[in-house]
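In what follows, a single structure is set out as structure tokens and then discussed.
In listed order, ligands and their atoms are each counted from 1.
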Amino acid sequence: MSQAIQVRGLEKSYKDLKVLKGVDFEVAPGSIFALLGSNGAGKTTVVKILSTLLRADAGSAGVNGFDVARQPADVRNSISLTGQFAAVDEILTGRENLVLVARLRHLKDAGTIADDLLARFSLTDAGGRKVATYSGGMRRRLDIAMSLIGSPPIIFLDEPTTGLDPQARIEVWAAVRELAAQGTTVLLTTQYLDEAEQLADRIAILHEGKIIVTGTLAELKQLLPPAKVEYVEKQPTLEDVFLTLVGTKDQK
Ligand SMILES: Nc1ncnc2c1ncn2[C@@H]1O[C@H](COP(=O)(O)OP(=O)(O)OP(=O)(O)O)[C@@H](O)[C@H]1O
Ligand SMILES: [Mg+2]
């Protein structure tokens, strides 16, 4: 298979508000791709279109080789989506949440699947406790674990660490890296530059309805010349690149 995700000329408006004005990008299988953009840039809109929750006005998108408009059921069987607000049940334990989802998906050995996922996401000790007692990071890890039941080849994480403290973010990052290491393709959206910097094999910046730049971190950094500070060469950070490209920072 060529690309895990292929997006061509995607357009979407909400009434008079044109949010996507021709979005193009590709995600290689088994890689982590970060869609970076400010609040309201249209990141969730892209994720909703790719996960068949929303129809594009124009353009095309392929997910796992299936067209989102013509083969939505095949796309849904290929993906899982973890939104910004965790979908876990507070009253159940972590393990019960996992068993429930495995049963809903008609999988055999729901208990074994649950135990394996608890181990993979460092939740074995907490597995027997009600989710109501979990920290934000534990909930988000459980949420990601739940979305992996049935082993979808592609996972969408919409702002996986928004609202988490630094320690919890590091835990979630480790879980995401673990996913990619096992061959899952990850598309994540974020407004945190360091998150993209830490996790992504490739980064795309969505701004004013279009992808204004795509590349590896090293490629993005090369877009700006290193600023000379006295005798020390200072490499631009991803933040410098981002702010310069979206026009809120003058290039020095
Ligand atoms: N159902 C809707 N009806 C009308 N406008 C919408 C709807 N959904 C999103 N929008 C608008 O479209 C724009 C893009 O929204 P979207 O949620 O895709 O952005 P985002 O990049 O995910 O932002 P955030 O970082 O805040 O999550 C915003 O201006 C938003 O207000
Ligand atoms: Mg969003």
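- In terms of polar-atom proximity, defined here as any N/O pair under 3.5 Å, Val19 makes no such contact with ligand 1.
- No part of Leu206 comes within 4.0 Å of ligand 1, judged by heavy-atom distances.
- Arg140 and Glu159 are not joined by a salt bridge, as no carboxylate oxygen comes within less than 4.0 angstrom of a charged side-chain nitrogen.
- Contact annotation for Gln191 and ligand 1: only side-chain heavy atoms (C-beta onward) come within less than 4.0 Å of the ligand.
- The heavy atom nearest to atom 20 (P) of ligand 1, out of those in Lys43, Lys12, Lys15, is found in Lys43.
- The two residues Gly9 and Asp24 have their closest heavy-atom pair at N-OD1, 2.7 Å.
- Note: an N/O pair closer than 3.5 Å links Gly40 and ligand 1 by distance alone.
- At a 3.5 angstrom cut-off on N or O pairs, Gly42 counts as close to ligand 1.
- Atoms of ligand 1 lying under 4.0 Å from any heavy atom of Leu17, numbered from 1 in the order shown and given with element: 11 (C), 12 (O), 29 (O).
- Atoms of ligand 1 found under 4.0 Å from any heavy atom of Thr44, numbered from 1 in the order shown, are 17 (O), 18 (O), 20 (P), 22 (O), 27 (O).
- When only modelled atom types and interatomic distance are considered, Thr161 and Glu195 share a side-chain donor-acceptor pair under 3.5 Å.
- Less than 4.0 angstrom separates some heavy atom of Asn39 from each of these atoms of ligand 1: 23 (O), 24 (P), 25 (O), 26 (O).
- Asn64 and Ser78 are linked by a side-chain donor-acceptor pair at a separation below 3.5 angstrom, with hydrogens and angles left out of the test.
- By the rule that hydrophobic residues join a cluster once side-chain heavy atoms approach within less than 4.5 Å of another member, Leu53 and Leu10 end up as members of one cluster.
- A donor and an acceptor atom, one from each side chain of Arg169 and Gln198, are nowhere located under 3.5 Å apart.
- A salt bridge (charged side-chain N to carboxylate O under 4.0 Å, His left out) with Glu11 is found for one member of Lys18, Arg55, Lys21 and no other, namely Lys18.
- In the vicinity of Thr45, heavy-atom distances shorter than 4.0 Å reach the ligand 1 atoms 15 (O), 16 (P), 18 (O).
- Remark: distances from the non-hydrogen atoms of Glu159 to ligand 1 include one below 4.0 Å.
- At a threshold of 2.8 Å, the Mg ion (ligand 2) has no backbone or side-chain N, O or S atom of Asn39 nearer than that distance.
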Could you go step by step and tell me if Ile49 and Leu20 meet the side chain to side chain contact (heavy atoms under 4.5 Å, CB included) rule?
-> CA-CA 11 Å; Ile49 292 169; Leu20 305 181; 3.8 Å; yes
